[in-house]
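Input: a single structure, listed below in structure tokens.
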Amino acid sequence: MKITDARVVVSCPGRNYVTLVIETEDGVTGVGDATLNGRELAVASYLEDHLCPLLKGRDARRIEDTWQYLYKGAYWRRGPVTMTAIAAVDVALWDIKGKVAGMPVYQLLGGAAREGVMVYGHASGDTLDELSSDFQAHLDQGYKAVRIQASVPGLDHTYGIAPSDGSVYEPAGGSRPQEDRWETTAYIDFAPEMFARIRKEFGYGVHVLHDLHHRLTPIEAGRIGRALEPYRPFWIEDPTPAEDQSAFRLIRQHTTTPIAVGEVFNSIWDCQQLITERLIDYIRASVSHAGGITHLRRIFSLADLYGVRSGSHGAGDLSPASFAAALHVDLSIPNLGIQEYMGHRSPAEEVFTSSYSVEDGHAHPGDAPGIGVEFDEEAAARFPYEPRYLPINRRLDGTVHDW
Ligand code: EZ4
Ligand code: CO
């Protein structure tokens, strides 16, 4: 079954998405997400200029061989651009395989290991009162797990606060990066206050998560983890810059608060030490940034050996094609932890039609053959690419800090 065409569509239905479309000689089409927030065109070029010419004429059925051919064949290993491009090819090929078999991809991965995939939504607010009413709104929608973020008093532009118009949080914007402020001293006592408020009001029957977005030193992270222990977070996410794997030994010495890391990871090598030394509890690698279904399953299998569970990234910058692919993996692996779910900004639904559903705090990929997402290229053409950057962070004295 020869691949006859592979093309890349860059569009902005609510935010920028890069979508790979692969077509076979018998007219079956597969889609994969190649979006890398703020660096979209680099992946588009990697695919268009380097991978698409190699795909034409290959056998679409040979997923593993194509993965190895593109990974080992590049010689230059790993990296977000390469691994996002390979992921898009991999997901598009799984989509084709499912459509040809007449089965949803999760059936090809071994079938459902559970009824549904627990997801967490995002509650946020400029004040703790606003956070609390957003938290209640999530409970009303059926969420069993909710991430909490609130503006830190004294700091401009705290990470993770959704706009008041109700649209999905999206940090990228502007033709130059917005500049945020960070100072750990302003934050370190605020986080326990925020958790105390939520637990006091809503009790312990709901999972509560929090994202530190790579901003602390290891010893600060140890302190925060310990201070939050009485409020039993489901996890604290990305406490320190995640490329320094050995830093997590220090955090582990100080706290039993579960740790989730890995949304910026793109290969198993980024988390080998974190997993095998049991330095984390949840691995947040995603289908679209970590080499597709083929490679993510390898990461989750390694994690399973060490009691580490999955907790895949699922922000709005991962397109419906990635979210759907994630659900097929989540439904079929033995060690699901939780799946992030933010939804997508309108008018993404005019471009992507999806078979997945989210109900009562649990998601299901649906039973459409393939990944269950149809991509409308004509609709996408109505929403041209808009250059946007992720923010940068500065400390109060002006030093550039991790965002
Ligand atoms: O900042 O996806 O847990 N979710 C996150 C996200 C990331 C964005 C970056 O593109 O940390 O909001
Ligand atoms: Co995060």
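The structure displayed is predicted, hence computed values, not measured ones.
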**Asked** Is there any side-chain hydrogen bond (donor to acceptor under 3.5 Å, both in side chains) pair reaching into residues 43-53, and which pairs are they, with sequence neighbours excluded?
**Response** S45-D49, Y46-T82
**Request:** Kindly write out the residues that satisfy ring-ring contact (aromatic ring centres under 6.0 Å, His included) with W235, not counting sequence neighbours, or none if the list is empty.
**Result:** Y120, Y282
**Message:** Tell me whether the NZ or CZ atom of R58 lies within the 45° cone about the ring axis of Y69 and under 6.0 Å from its centre.
**Reply:** yes
**Request:** Classify the angle between the aromatic ring planes of F323 and Y341 as parallel (below 30°), tilted (30 to 60°) or perpendicular (above 60°).
**Result:** tilted
**By salt bridge (Lys or Arg N to Asp or Glu O under 4.0 Å) - contacts of K99 (at least two apart)** = D95, E374
**Request:** Report the residues that fulfil salt bridge (Lys or Arg N to Asp or Glu O under 4.0 Å) with E263, sequence neighbours left out, ordered by chain and then residue number.
**Result:** R284
**Polar side chain donor-acceptor pair, E340 to H122, under 3.5 angstrom** = yes
**Message:** I'd like to check the ring-ring contact (aromatic ring centres under 6.0 Å, His included) partners of Y159; sequence neighbours left out, ordered by chain and number.
**Reply:** Y169, H213, W403
**Message:** Looking at I259, is its backbone amide N or carbonyl O close enough to the side chain of D281 to form a donor-acceptor pair, meaning the two atoms are under 3.5 Å apart?
**Reply:** yes
**Message:** Going by the rule ring-ring contact (aromatic ring centres under 6.0 Å, His included), which residues pair with Y17 if we only count those two or more places apart in sequence or in a different chain?
**Reply:** F352
**Request:** Determine whether the side chains of D126 and S151 contain a donor N or O and an acceptor N or O closer than 3.5 Å.
**Result:** yes
**R382/E350 under salt bridge (Lys or Arg N to Asp or Glu O under 4.0 Å): CA gap, chis, key distance, verdict** = CA-CA 10 Å; R382 296 202 303 270; E350 290 181 31; 2.8 Å; yes
**Asked** Got a sec, which residues hit side chain to side chain contact (heavy atoms under 4.5 Å, CB included) with Y204, two or more places apart in sequence or on another chain?
**Response** R199, Y231, R232
**Asked** Any side-chain donor paired with an acceptor under 3.5 Å for D134 and S132?
**Response** no
**Item:** Interatomic distance, D5 atom CG to I22 atom CD1 [nearest 0.5 angstrom]
**Value:** 9.5 Å
**Complete:** Those residues at least two apart in sequence (or on a different chain) that pass side chain to side chain contact (heavy atoms under 4.5 Å, CB included) with S354 are P320, Y356, V373
**Request:** Provide the full list of ring pair (Phe, Tyr, Trp, His ring centres under 6.0 Å) pairs with a residue in residues 293-314, sequence neighbours left out, each pair given once.
**Result:** W67-H295
**Message:** Main chain of G160, side chain of Q149: is a donor-acceptor contact present, judged purely on distance under 3.5 Å?
**Reply:** no
**Message:** Holding to salt bridge (Lys or Arg N to Asp or Glu O under 4.0 Å), I want the full list of residues that pass it with R297, two or more places apart in sequence or in another chain.
**Reply:** none
**Request:** Say whether, by atom type as modelled, one donor and one acceptor occur between the side chain of K144 and the main chain of G142 under 3.5 angstrom.
**Result:** yes
**Message:** Taking salt bridge (Lys or Arg N to Asp or Glu O under 4.0 Å) as the definition, give me every residue that meets it alongside R197, ordered by chain and number, with sequence neighbours left out.
**Reply:** D129, E201
**Asked** Taking only residues two or more places apart in sequence or in another chain, which ones pass ring-ring contact (aromatic ring centres under 6.0 Å, His included) with Y385?
**Response** none
**R394 and E179 ion-paired at < 4.0 Å** = yes
**Request:** Check for a donor-acceptor pair, side chain of H254 on one end and backbone N or O of I219 on the other, with a separation under 3.5 Å.
**Result:** no
